[in-house]
K.L.:
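Supplied in structure tokens, the structure appears directly below.
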2 protein chains.
Amino acid sequence: MKPQTRSGSLRVGDLQLRILQILWERKEAAVAAVHEVLKPERDLAYTTVATMLRKMEERSLVAHREEGRTFLYRALVAAEQVGRSMTDHVVERLFEGSLADAVSHLLRTRDVSRGELDALEKLIRDAKRRAK
Amino acid sequence: MKPQTRSGSLRVGDLQLRILQILWERKEAAVAAVHEVLKPERDLAYTTVATMLRKMEERSLVAHREEGRTFLYRALVAAEQVGRSMTDHVVERLFEGSLADAVSHLLRTRDVSRGELDALEKLIRDAKRRAK
DNA sequence: ACTCGAAAACTACCTAGGTAGTACTAACGC
DNA sequence: GCGTTAGTACTACCTAGGTAGTTTTCGAGT
């Protein structure tokens, strides 16, 4: 019973993504906890986080249960799903679905260290082995 | 004199991206031409396209010159810029800037044909040669 | 029992993308 | 010369993301 692989587009904004990432890390978190984690990177009001969580619940991205007075939120979508849908979007819109074009662009437009290239090479080799 | 490499985030929506792609292909195009190209894929009203173009001009994504009564639009941002900024966004937000993680995810979450893997391998090799 | 504080609920705004109707205008054909 | 038409301008609306103030509520501590 995997967590509802609704293969919809799953568009999440930047803040929403960050919140999801926090929830992925810790399974469950109160608004205060999420706010705390976000504190250093973005100076958001507590209510902003709470509102965002509520809006995300409307969209079924998260759900909550009550523990005394406080809400404990958990993610309803998996990291894989969101990652997949975001990368899909870019690969499709920008490179007409071609993975090779996408990677090519990635390599061409930034400088990649020798070490990274080696790592990538290993990735490809592994993928090949697995496919064989 | 490269076309204003304003390294800003350059967020463009789906429709805007499609319009830019059309303009990249043909250097200059009238609203009617853009509308015509878009016709089969999205059934948009002519005015929708015109409005979008106007909004894009406000944001300096495109510019126009007048040829008689009609506006000929051209892209002000390069494909490279937009591609770069979109891929950057995903790589940063989703993979903490790690290109290897990004590619790894790409390979893991979809099935890649043998031929594509070969192509990718070549890409890496080329990149290595170039870096050396 | 009463106050205080923390939490949620409600409401309100702003921006950007997307979509399109309506109004105006100028050129072109007859 | 006049109406049709193609083209732009203007306006409006909807959605989603993001941000936050204000109000209510409820539990805990004195």
Side-chain angles (χ1 to χ4, degrees), chain A residues 8-23 28-39 41-74 77 82 85-86 89-90 93-94, chain B residues 8-23 28-39 41-74 77 82 85-86 89-90 93-94:
Chain A
S9 290
L10 232 353
R11 303 294 211 98
V12 296
D14 284 354
L15 177 56
Q16 301 188 343
L17 179 60
R18 273 305 286 128
I19 290 177
L20 283 175
Q21 286 169 335
I22 291 166
L23 294 181
E28 258 191 348
V31 177
V34 176
H35 181 230
E36 210 52 39
V37 178
L38 249 25
K39 197 70 157 188
E41 41 191 288
R42 326 190 173 202
D43 196 23
L44 296 176
Y46 177 95
T47 51
T48 299
V49 179
T51 303
M52 200 65 241
L53 252 343
R54 212 157 349 94
K55 285 189 173 184
M56 288 169 77
E57 185 155 36
E58 264 171 35
R59 289 191 52 205
S60 301
L61 293 173
V62 302
H64 80 275
R65 69 183 182 87
E66 291 175 44
E67 178 78 40
R69 282 320 97 209
T70 75
F71 283 13
L72 291 182
Y73 283 94
R74 68 176 188 287
V77 291
V82 176
S85 129
M86 286 179 68
H89 185 254
V90 169
R93 306 282 163 165
L94 219 46
Chain B
S9 290
L10 231 352
R11 303 293 210 100
V12 295
D14 284 355
L15 177 57
Q16 299 187 344
L17 179 60
R18 275 305 286 127
I19 290 177
L20 283 175
Q21 286 169 336
I22 292 165
L23 295 181
E28 256 190 350
V31 177
V34 175
H35 181 230
E36 211 51 41
V37 177
L38 251 22
K39 196 70 157 188
E41 41 191 289
R42 326 191 174 202
D43 195 23
L44 297 175
Y46 179 95
T47 51
T48 300
V49 179
T51 304
M52 199 66 241
L53 253 343
R54 213 158 347 93
K55 285 189 173 182
M56 288 170 77
E57 184 155 38
E58 263 172 36
R59 290 191 50 206
S60 301
L61 293 174
V62 303
H64 80 274
R65 70 183 180 88
E66 290 175 45
E67 179 78 40
R69 280 319 98 211
T70 78
F71 283 13
L72 293 182
Y73 284 94
R74 68 178 188 284
V77 291
V82 176
S85 130
M86 286 180 68
H89 185 254
V90 168
R93 304 284 162 163
L94 219 46

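In what follows, chains carry the letters A, B, and so on, assigned in the order in which the sequence lines appear, proteins first and then strands, with residues in each chain numbered from 1.
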K.L.:
Check the distance between D:dG17's C1' and A:Met86's CE and give it to me in whole angstrom.
P.N.:
14 Å

K.L.:
Could you tell me whether the phosphate oxygens of C:dA26, OP1 or OP2, come under 4.0 Å of any side-chain nitrogen or oxygen in B:Arg69?
P.N.:
no

K.L.:
Taking any heavy-atom pair under 4.0 Å as a contact, classify A:Ala45: base, sugar-phosphate, or nothing.
P.N.:
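A:Ala45: backbone/sugar contact only, no base atoms under 4.0 Å.
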
K.L.:
Can you tell me whether the side chain of A:Thr70 and the base of C:dA7 have a donor-acceptor pair closer than 3.5 Å?
P.N.:
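No such pair is found, so the answer is no.
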
K.L.:
Which atom pair, heavy atoms only, marks the closest approach of B:Leu10 to B:Ser85?
P.N.:
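The pair with the smallest heavy-atom distance is CB-OG, 3.4 Å.
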
K.L.:
Starting at the 5' end of DNA chain D, which residue's closest nucleotide do you reach first, A:Gly68 or A:Thr48?
P.N.:
A:Thr48

K.L.:
Rounded to whole angstrom units, what separation is found between the CD atom of B:Gln16 and the P atom of C:dG17?
P.N.:
5 Å

K.L.:
Could you check which of D:dA9, D:dA20, C:dA26 has an atom nearest any side-chain atom of B:Thr47?
P.N.:
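The answer is D:dA9, which lies nearest to the side chain.
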
K.L.:
Examine distances only and state if a side-chain atom of B:Glu58 and a backbone atom of B:Leu53 form a donor-acceptor pair shorter than 3.5 Å.
P.N.:
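Answer holds: no.
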
K.L.:
Specify the separation, in whole Å, of atom NE2 of A:His35 and atom C1' of C:dA7.
P.N.:
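Taking atom C1' of C:dA7 as the reference, NE2 of A:His35 is at 13 Å.
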
K.L.:
Select one nucleotide: of C:dT11, C:dG18, C:dA8, the one nearest the side-chain heavy atoms of B:Lys55.
P.N.:
C:dG18

K.L.:
Could you give the CE-to-C1' distance, from A:Met52 to C:dA12, as a whole number of Å?
P.N.:
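Computing the A:Met52:CE to C:dA12:C1' distance gives 16 Å.
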
K.L.:
If the threshold is 4.0 Å, N to carboxylate O, is there a salt bridge linking A:Asp14 and B:Arg11?
P.N.:
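Yes, A:Asp14 and B:Arg11 are salt-bridged.
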
K.L.:
Report the nucleotide, chosen from D:dT8, D:dT19, C:dA20, that has the shortest atom-to-atom distance to any side-chain atom of A:Arg42.
P.N.:
D:dT19

K.L.:
Starting from C1' on C:dA8, measure out to OH on A:Tyr73 and report it in whole angstrom.
P.N.:
8 Å

K.L.:
If you only use heavy atoms from C-beta on, which nucleotide in C:dA20, D:dT19, C:dA8 is closest to the side chain of A:Val31?
P.N.:
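Closest of the options to the side chain of A:Val31: C:dA8.
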
K.L.:
Tell me whether the rings of B:Tyr46 and B:His35 are parallel (<30°), tilted (30 to 60°) or perpendicular (>60°).
P.N.:
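Rings of B:Tyr46 and B:His35: perpendicular, over 60°.
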
K.L.:
Is the phosphate of D:dT8, meaning OP1 or OP2, less than 4.0 Å from a side-chain N or O of B:Tyr46?
P.N.:
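The answer is yes; a side-chain N or O of B:Tyr46 sits under 4.0 Å from OP1 or OP2.
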
K.L.:
Between P on C:dA20 and CG on B:Asp43, what's the gap in Å once rounded to a whole number?
P.N.:
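After rounding, the reported distance stands at 8 Å.
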
K.L.:
How close or far is atom P of C:dG18 from atom CG of B:Leu20, stated in whole angstroms?
P.N.:
11 Å

K.L.:
Of B:Arg65, B:His64, B:Arg74, which is the lone residue that meets side chain to side chain donor-acceptor pair (under 3.5 Å) with B:Glu28?
P.N.:
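Testing each of B:Arg65, B:His64, B:Arg74 against B:Glu28, the sole residue satisfying side chain to side chain donor-acceptor pair (under 3.5 Å) is B:Arg65.
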
K.L.:
It should be established whether A:Arg54 places a side-chain nitrogen or oxygen under 4.0 Å from OP1 or OP2 of nucleotide C:dC10.
P.N.:
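No, A:Arg54 has no side-chain N/O under 4.0 Å of OP1/OP2 on C:dC10.
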
K.L.:
Round to a whole Å and report the spacing from CG of A:Leu15 to P of C:dT15.
P.N.:
18 Å

